[in-house]
Asker: 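Below is the structure I would like to discuss, written out as structure tokens.
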Amino acid sequence: MIVMKEAATDEEIDAVIEKVQSAGALAHPIKGARLTVIGAIGDVEQDANIETLGLEGQPGVDRVMPILKPYKLASAQIRHGERTVLDIQGRKIGGGHFALIAGPCTVESREQLLETADIVKDAGAAMLRGGAYKPRTSPYAFQGLGQEGLRLLAEAKERTGLPIVTELMDARDLEPVLEVADVIQVGARNMQNFPLLAEIGRSGRPVLLKRGLSATLDELLMAAEYVLKEGNREVMLCERGIKTFEGSYRTTLDLQAVPVLKELSHLPVVVDPSHAAGRRSLVTPMSLAAAAAGADGIIVEVHPNPDEAVCDGPQALLADDFAEYAAAVESVAALAGKALSAV
Ligand code: PEP
Ligand code: MN
């Protein structure tokens, strides 16, 4: 990590980048509010090379220091404690901005999606979620509407103006997903699908990266690093419940992950209480707890008629209750120093 002086000029920054690249390493310049830091990423031998480049004495360079964590671009260190704030079509997330992402588990029909989209928009949601490709435990369960689902999401976006969050499971579907997704969701089961992560990294599209059901926070951050390494800076981390010995609920929502991820990383942290809980009655209390813990956003499932939902009905909030829910979440986010990011 090469820390430039506050007064460093663009030419001095470019000269350092060139020198790093000439050593065969990747240079990732990160412009902060005060100063620029250049991450020089290579394998161990290349790192040794960087040390011999004499960058420490170069004009504009303040100091060169190693990043001690195994993840580099995801680390809090590389941004000197500054938070990353993402701007998704005008909806901010991170820092002082809180985003509520809401919608059905999966796109089922035009009516179901558009009705839900209108309701969550009116209640102040920042983005609309909905899966067209669904990772299901059973290969016999509904797998999503695929391209037809993407088409309906595009219609919902056109109608409401809400940015779309939708999952990509297979890199072969990247092109059609890119046509509608403002944020690509990587599901818990794909958190360590490294070729998929790299492909999404190269696409440059913002990413919501869900924590695997048995993944440590270091593993989650290493997965984020796969996206960041490709030059895509727009990554949100998502805690969605992990497997523990407790059997009274679907998974255990690890809310300690929120402040700990913020100590370790500059990336925004989102919480998904729906998949963690598995049932509706837990979703509101855990959403409020997530907001109080400092989450930068919540992604939550909502359905106009959960009894008839094709998947995850028992955990979906009733669309009729959503406005009240959103107001409660907003008030707790405000206590944690965050303003709701809406249209
Ligand atoms: C989802 O968001 O609908 C989903 C399947 O989530 P996860 O990957 O966290 O299980
Ligand atoms: Mn779901």
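Numbering of ligands and ligand atoms starts at 1, following listing order.
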Asker: Please write down residue, atom name and distance for the protein heavy atom closest to atom 8 (O) of ligand 1.
Answerer: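 Looking only at protein heavy atoms, the one closest to atom 8 (O) of ligand 1 is Ala188 N, 2.8 Å.
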
Asker: Under 3.5 Å, N or O to N or O, is Gln185 touching ligand 1 that way?
Answerer: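 Indeed, backbone or side chain, Gln185 has an N or O that close.
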
Asker: Can Gly131 be said to touch ligand 1, with heavy atoms closer than 4.0 Å?
Answerer: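 Per 4.0 Å heavy-atom rule, Gly131 does not contact ligand 1.
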
Asker: Please find the N/O/S atom of Asp312 nearest to the Mn ion (ligand 2) and write down its name.
Answerer: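 Nearest N/O/S atom: OD2.
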
Asker: Of all the atoms in ligand 1, which lie at a distance below 4.0 Å from a heavy atom belonging to Glu301?
Answerer: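 Ligand 1 atoms under the 4.0 Å threshold to Glu301: 3 (O).
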
Asker: Verify the cluster assignment for Leu128 and Phe322: are they in a single hydrophobic cluster under the rule of side-chain heavy atoms below 4.5 Å apart?
Answerer: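 Yes; Phe322 is reachable from Leu128 via cluster members.
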
Asker: Using a strict 4.0 Å threshold on nitrogen-to-oxygen distance, state whether Arg211 and Asp254 make a salt bridge.
Answerer: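 Here Arg211 pairs with Asp254 in a salt bridge, since their nearest N and O are under 4.0 Å apart.
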
Asker: Nearest to atom 3 (O) of ligand 1, what protein heavy atom do you find, and at what distance?
Answerer: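 Its nearest protein heavy-atom neighbour is Lys134 NZ, 2.7 Å.
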
Asker: Please say whether Gly187 places an N or O atom under 3.5 Å from an N or O atom belonging to ligand 1.
Answerer: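 Not met; the criterion fails.
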
Asker: Identify, by atom number and element, the atoms of ligand 1 in contact range of Pro135, meaning under 4.0 Å from any of its heavy atoms.
Answerer: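 Those atoms are 5 (C).
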
Asker: Show which atoms of ligand 1 fall inside a sub-4.0 Å distance from at least one heavy-atom site of Cys105.
Answerer: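 In order of numbering, the contacting atoms are 3 (O).
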
Asker: Judging by distance only, is a nitrogen or oxygen of His275 under 3.5 angstrom from one on ligand 1?
Answerer: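 Yes, at least one N or O pair falls under 3.5 Å.
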
Asker: For atom 6 (O) of ligand 1, what's the nearest protein heavy-atom neighbour? Residue, atom name and distance, please.
Answerer: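 Here the closest protein heavy atom is Lys210 NZ, 2.9 Å.
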
Asker: Looking at Leu288, Leu100, Val302, which one forms a side chain to side chain contact (heavy atoms under 4.5 Å, CB included) with Tyr325?
Answerer: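 With Tyr325 as partner, Leu288, Leu100, Val302 yield a single side chain to side chain contact (heavy atoms under 4.5 Å, CB included), made by Leu100.
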
Asker: Looking at Asp312 and Arg250, does any basic side-chain N land under 4.0 Å from a carboxylate oxygen?
Answerer: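 Arg250 and Asp312: salt-bridged.
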
Asker: Keeping the roles fixed (side chain from Gln89, backbone from Asp182), state whether a donor-acceptor pair exists under 3.5 Å.
Answerer: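 Side chain of Gln89 to backbone of Asp182, a donor-acceptor pair under 3.5 Å: no, none is there.
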
Asker: Any link between Leu209 and Leu213 through a network of hydrophobic side chains (Ile, Leu, Val, Met, Phe, Trp, Tyr) touching at under 4.5 Å?
Answerer: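 No.
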
Asker: Rounded to 10 degrees, what angle sits at the Mn ion (ligand 2) between Cys105 SG and His275 NE2?
Answerer: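 Nearest ten degrees: 170°.
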
Asker: Do any N or O atoms from the side chain of Thr36 and from the backbone of Lys31 form a donor-acceptor pair under 3.5 angstrom?
Answerer: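 No, because the side chain of Thr36 does not come within donor-acceptor range (under 3.5 Å) of the backbone of Lys31.
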
Asker: Look at the side chain of Lys157 and the backbone N and O of Val180, then say whether any donor-acceptor pair between them is shorter than 3.5 Å.
Answerer: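 Yes; at least one donor-acceptor contact below 3.5 Å.
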
Asker: Could you see if Leu220 belongs to whatever hydrophobic cluster contains Leu208? Use Ile, Leu, Val, Met, Phe, Trp, Tyr and a side-chain cutoff under 4.5 Å.
Answerer: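 Looking at the clustering, Leu208 is in a separate group from Leu220.
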
Asker: Short check: any N/O/S atom of Cys311 below 2.8 Å from the Mn ion (ligand 2)?
Answerer: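 Cys311 does not place any N, O or S atom closer than 2.8 Å to the Mn ion (ligand 2).
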
Asker: Starting from atom 9 (O) of ligand 1, locate the nearest protein heavy atom and write down its residue, its atom name and how far away it is, to 0.1 Å.
Answerer: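 Sorting protein heavy atoms by distance from atom 9 (O) of ligand 1 puts Arg240 NE, 2.6 Å first.
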
Asker: Could you check which N/O/S atom of Glu301 is closest to the Mn ion (ligand 2)?
Answerer: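 Nearest N/O/S atom of Glu301: OE2.
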
Asker: At a 4.0 Å threshold, what atoms of ligand 1 neighbour a non-hydrogen atom of Arg129?
Answerer: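 So the answer, numbered in order with elements, is 1 (C), 2 (O), 3 (O).
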
Asker: Please confirm whether the backbone N or O of Glu301 pairs with a side-chain atom of Ser274, one donor and one acceptor, at under 3.5 Å?
Answerer: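 Yes.
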
